[in-house]
Number of protein chains: 2
Amino acid sequence: MKKPSIKDIASKAGVSPSTVSSVLNGKAKHMRISDVVAARVKKIALEEGYQPNTIAVSLRTGRSKIIGLIVEDIANPFFSALARTIEDEALKLGYRIVYCSTENDLERGNDLLYVLGQTHVDGYIITPVPGMELKLKELKDQGRPMVFMDRFIASLEVPCVLINNYDGVKQGMDYLLKRGYNCIGYVSTNSSQVQMKARMSAYIDKVNTDLQKAPLLLEIDFLMDRTKIKAAVKEFVIDNNLDAVFFATNYLGVVGLEIINELGWKIPDQIGIVCFDDTDLFKLYPPGITAVRQPVQEIAEHSVKMLIDQIQGKLASSESQLLLKGELMVRGSA
Amino acid sequence: MKKPSIKDIASKAGVSPSTVSSVLNGKAKHMRISDVVAARVKKIALEEGYQPNTIAVSLRTGRSKIIGLIVEDIANPFFSALARTIEDEALKLGYRIVYCSTENDLERGNDLLYVLGQTHVDGYIITPVPGMELKLKELKDQGRPMVFMDRFIASLEVPCVLINNYDGVKQGMDYLLKRGYNCIGYVSTNSSQVQMKARMSAYIDKVNTDLQKAPLLLEIDFLMDRTKIKAAVKEFVIDNNLDAVFFATNYLGVVGLEIINELGWKIPDQIGIVCFDDTDLFKLYPPGITAVRQPVQEIAEHSVKMLIDQIQGKLASSESQLLLKGELMVRGSA
DNA sequence: CTGTTAGCGCTTTCAG
DNA sequence: CTGAAAGCGCTAACAG
């Protein structure tokens, strides 16, 4: 009841191991193996439930068909959705993923890089944080394939897949403006992350060009408790007589909607709402809301594809950058 | 600049590969290799930055030193905390973890088992769900080491690490009773999960023996939105004149506390509160609250240890069960 | 068209 | 006390 090896298949089929190998790797044509033999080999392999020993393959070929995925915090819904999608995409192309989550701990992040190194991953998909720069450069200089995702490190010429946060907010603002709202507030966290800055600047640009009113910004400490966020949003909306609110973050949107709800305001008639949808909570939003959805599927597809191209040498590790746009979704009335 | 192999070290040290292998695997004594040679080999290995090729080791020894961890939903804070802790524990013992999250999708779960099978993991740590039974039995019958965590499947004699949910609620109730509360309500989800049932029955037992009042239960749909949960809790607490509430879940606790807070009630003077702390949010709770904390660290330690013992054949794959108790934590005043 | 051979890097007897 | 040799399962040249 042991797993059959290539030898077992070979002897059962009356051919040599190398023939079996060629057939099973789709090199029958190239090796000019007769169709009848190929068919017999395939049949027997199937019957015996043959599966190549991936370890042996790795040792021989020097590639593991494993991708290391390093994100900041796997508990963050955005990253966990991304991770899941990436895993699926990779599987389709015959690659496995091993995850690692740095938990915002630099030392841990660097350890992971090290551990993954000895796990012989073929390449990395990484959400880089500033402190990893040195180790990352080292890996890159060793010629290890990698792609950055969602963030990047300017000093490193690594292909990356980014989200056009500016465009996302622009789309949302255009929508609100077209619908006739003209006093639009913007609620964001005061994070220093480059994504948040990009979103903010889109808002400011839009407000400056298309609206007579001055921009109205509310920046909130991300870790503040819900009650405080709600109070702040309430005051913000009422004091400024807003007729629409743009929430720069999923979380803020969810919390903000609660207070709008408690005030009994109808969306989109009494107030317009747009949320940036970092996760996939859109379906839970009440009707009338518009969301800028992150292109999770596309990010996953492209990251995986770009990495595998690199691994297979199809693409020089050039500075190719991909800027993916979100999609505006209007939640219809229930 | 290539990674040095055992041969490189051997020739640099003027010995044979096998000697290097013995020394580096701590078998110098057993092989009666002279201390001077051993020292020289170690020194050179260090200088050259030698690291054994894990793939080659796996191929040769038949073990990968990799553990497959399968949880239901990695985005669930309880599981992600657990996963992180398990990873650390495993690393200490020289094992790596590869995660998989079934996302409550049975087919996906079974696929994962398959994929992990060909990844040559040495064993599994699993949070089993009913539908996996067949595949799991198959693996077990093949002699693959595994341990169940947090849940178990009664028909399979697999070692498992469980949490004593009954005891947790009992501890919490004892605390409340000792403090003199005598109208204690219980807020839970109406989930059919065995853990939730166990918690509930502890509450009922306690109430029946130590309290003259009938049990007061509020069961809530887990996916209901926050506003509704809050309204329900508010009504529940006021209508029944409760002087204490036991929240059977972290999430319910957090939401419930919001309304308590909005009502302006002081804890623990005006109302007593105990939460079951599935995640590690305890530190965020306001002062005066008591929580039953899940023993994440212990679960991780024991799961890993039990699995590795199995892998190393130290323990027959017997029906050893471990029932771990939570710990009562009182959050002091800020 | 197919088989033989040589290793990938390591561990483990078994002879010295 | 140490080294030589075999072989884990597979693939890729090179011979037939």
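Within every chain, numbering begins at 1; the chains are lettered A, B, ... in the order of the sequence lines, protein sequences first and strands thereafter.
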Inset, instruction - Measure the distance from CD1 on A/I55 to P on C/dC10 and round it to the nearest whole Å. - result: 14 Å
Legend entry - 4.5 Å side-chain heavy-atom contact, B/I308 and B/Y95: yes
Legend entry - Basic-acidic side-chain contact under 4.0 Å: A/D88, A/R84: no
Inset, instruction - Please state how far atom CZ in A/R63 lies from atom P in D/dG9, giving the value in whole angstrom units. - result: 24 Å
Inset, instruction - Mind listing the closest non-hydrogen atom pair of A/M149 and A/L69 along with its distance? - result: CE-CD1, 4.3 Å
Inset, instruction - Check whether any side-chain N or O of A/N53 sits under 4.0 Å from OP1 or OP2 of D/dC8, and answer yes or no. - result: no
Inset, instruction - Grab the NE2-C1' distance between B/H120 and D/dG9 for me, whole Å please. - result: 9 Å
Legend entry - Rounded interatomic separation in angstrom, taking CD1 from B/I6 and P from D/dA4: 14 Å
Inset, instruction - From the options D/dG9, C/dC10, C/dT4, select the nucleotide whose nearest atom is closest to the side chain of A/S16. - result: C/dT4
Inset, instruction - Measure the shortest side-chain to side-chain distance between B/V23 and B/K42 over non-hydrogen atoms and say whether it is less than 4.5 angstrom. - result: yes
Legend entry - Side-chain N,O (B/S34) to OP1/OP2 (D/dT2) below 4.0 Å: yes
Legend entry - Atom-pair distance (NZ on B/K7; P on D/dA4), nearest Å: 12 Å
Inset, instruction - Check whether any side-chain heavy atom of B/I44 sits under 4.5 Å from a side-chain heavy atom of B/R40, and report yes or no. - result: yes
Legend entry - Under 4.0 angstrom between B/Y50 side-chain N/O and C/dC10 OP1 or OP2: yes
Legend entry - B/T19, nearest nucleotide to its side chain (from D/dT2, C/dT11, C/dT2): D/dT2
Inset, instruction - May I ask you to verify whether the side chain of B/S22 and the base of C/dT12 hold a donor-acceptor pair under 3.5 Å? - result: no
Inset, instruction - With DNA chain D as reference, determine whether B/R60 or B/V36 sits nearer its 5' end, using the nearest nucleotide of each. - result: B/V36
Legend entry - 5' priority, DNA chain C, between B/L59 and B/S18 [closest heavy atom]: B/L59
Legend entry - Heavy-atom donor-acceptor pair, A/S21 side-chain to D/dA12 base, under 3.5 Å: no
